[in-house]
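Indexing begins at 1, ligand by ligand and atom by atom, following the structure's order. Only heavy atoms go into these numbers, but all of them, side chains included; no hydrogens, no water, no symmetry mates.
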Amino acid sequence: MELLEIMRNRRSVRTYTGEPVPEDKLLKILKAGLLSASGRAVRPWEFLVVQKKETLRKMADSRAAGAKMLMDADCAVVVLGDEEKTDVWTEDCSIAMANMHLMADSLGVGSCWIQGRLREASDGRSTEAYLRELLGYPEHLKLEAVLSLGMPKDHPRPYDLEELPMEKVHRELF
Ligand SMILES: Cc1cc2nc3c(=O)[nH]c(=O)nc-3n(C[C@H](O)[C@H](O)[C@H](O)COP(=O)(O)O)c2cc1C
């Protein structure tokens, strides 16, 4: 399929059937993240894959709202960035997130970006502190976001190229 067509189909999927995400698809998703562009090729990311249901359910409380789909997800990829390696770790980790999200959709796997950085857990701690205690990542690794993954129950309708707001594109002068 042409890349634009894959992008048109990509949507945030927050409901899952409960079927497992096949391991070969999960590996492709992770490889898409590892292939991401990165400032000065530093690649400051670490990906933490969580598949234990009990842990996923606890992770659903890592946000007051916005992470509840983890209750039914098959797995999650926690994207962490090493702030000691580069000052553009948020950009680098965002690209990795976007590539994994797009790859997942292209493989028929539902996924959703769950914001971690600058967000709070239901118990009032930062999402980063909440997940650090649960998952044990070291202090120099900062939380960017979590990608929930599961076989889609409902996939929102693909976008229509004719409806894109082309007025947001400016040429030569604003
Ligand atoms: C930076 C960023 C943060 C997001 N945070 C969340 C989130 O915490 N929870 C959630 O359910 N969706 C989150 N989303 C998904 C957006 O809500 C979603 O991309 C948007 O509504 C557009 O829908 P679409 O992805 O289907 O095109 C996030 C997306 C991005 C790019």
Item to check | Verdict with supporting geometry, Arg11 and His155, side-chain hydrogen bond (donor to acceptor under 3.5 Å, both in side chains) | outcome: CA-CA 7 Å; Arg11 296 299 308 265; His155 186 294; over 6 Å; no
Is it true that [X] and [Y] have a side-chain N and a carboxylate O under 4.0 angstrom from each other?
| X | Y | value |
| --- | --- | --- |
| Glu5 | Arg8 | yes |
| Arg125 | Glu128 | no |
| Arg14 | Asp154 | no |
| Asp61 | Lys68 | yes |

Checklist entry - Could a heavy atom of Cys112 be found less than 4.0 Å from some atom of ligand 1? => result yes
Which protein non-hydrogen atom lies closest to [atom], naming both residue and atom, and how far is it?
| atom | value |
| --- | --- |
| atom 21 (O) of ligand 1 | Arg14 NH2, 4.2 Å |
| atom 9 (N) of ligand 1 | Gly66 O, 3.0 Å |
| atom 18 (C) of ligand 1 | Ser12 OG, 3.4 Å |
| atom 13 (C) of ligand 1 | Trp113 O, 2.9 Å |

Checklist entry - Can you check whether Lys168's main-chain N or O pairs, donor with acceptor, with His170's side chain at less than 3.5 Å? => result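 Yes, the answer is positive, given that a donor and an acceptor are paired below the 3.5 Å cut-off.
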Output the list of atoms in ligand 1 that are nearer than 4.0 Å to some heavy atom of [X], sorted by atom number.
| X | result |
| --- | --- |
| Ile114 | 7 (C), 8 (O) |
| Met69 | 10 (C), 11 (O) |
| Arg63 | 7 (C), 8 (O) |
| Arg10 | 24 (P), 25 (O), 27 (O) |
| Tyr159 | 23 (O), 24 (P), 26 (O), 27 (O) |

Item to check | Heavy-atom nearest neighbour of atom 26 (O) of ligand 1 within options Arg11, Met7, Lys68 | outcome: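 Shortest heavy-atom distance from atom 26 (O) of ligand 1: Arg11.
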Item to check | Sub-4.0 Å protein heavy atom next to atom 3 (C) of ligand 1 | outcome: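 Yes; the ligand atom in question has protein heavy-atom contact below 4.0 Å.
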Next on the checklist: Run the side-chain hydrogen bond (donor to acceptor under 3.5 Å, both in side chains) test on Gln115 and Trp113 for me, step by step, so that the C-alpha distance in whole Å, both residues' side-chain angles and the decisive distance to 0.1 Å come before the verdict.
Outcome noted: CA-CA 6 Å; Gln115 183 64 16; Trp113 181 310; 2.9 Å; yes
Next on the checklist: Within the 4.5 Å heavy-atom criterion, are Tyr137 and Leu131 side-chain neighbours or not?
Outcome noted: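 Yes, side chains in contact.
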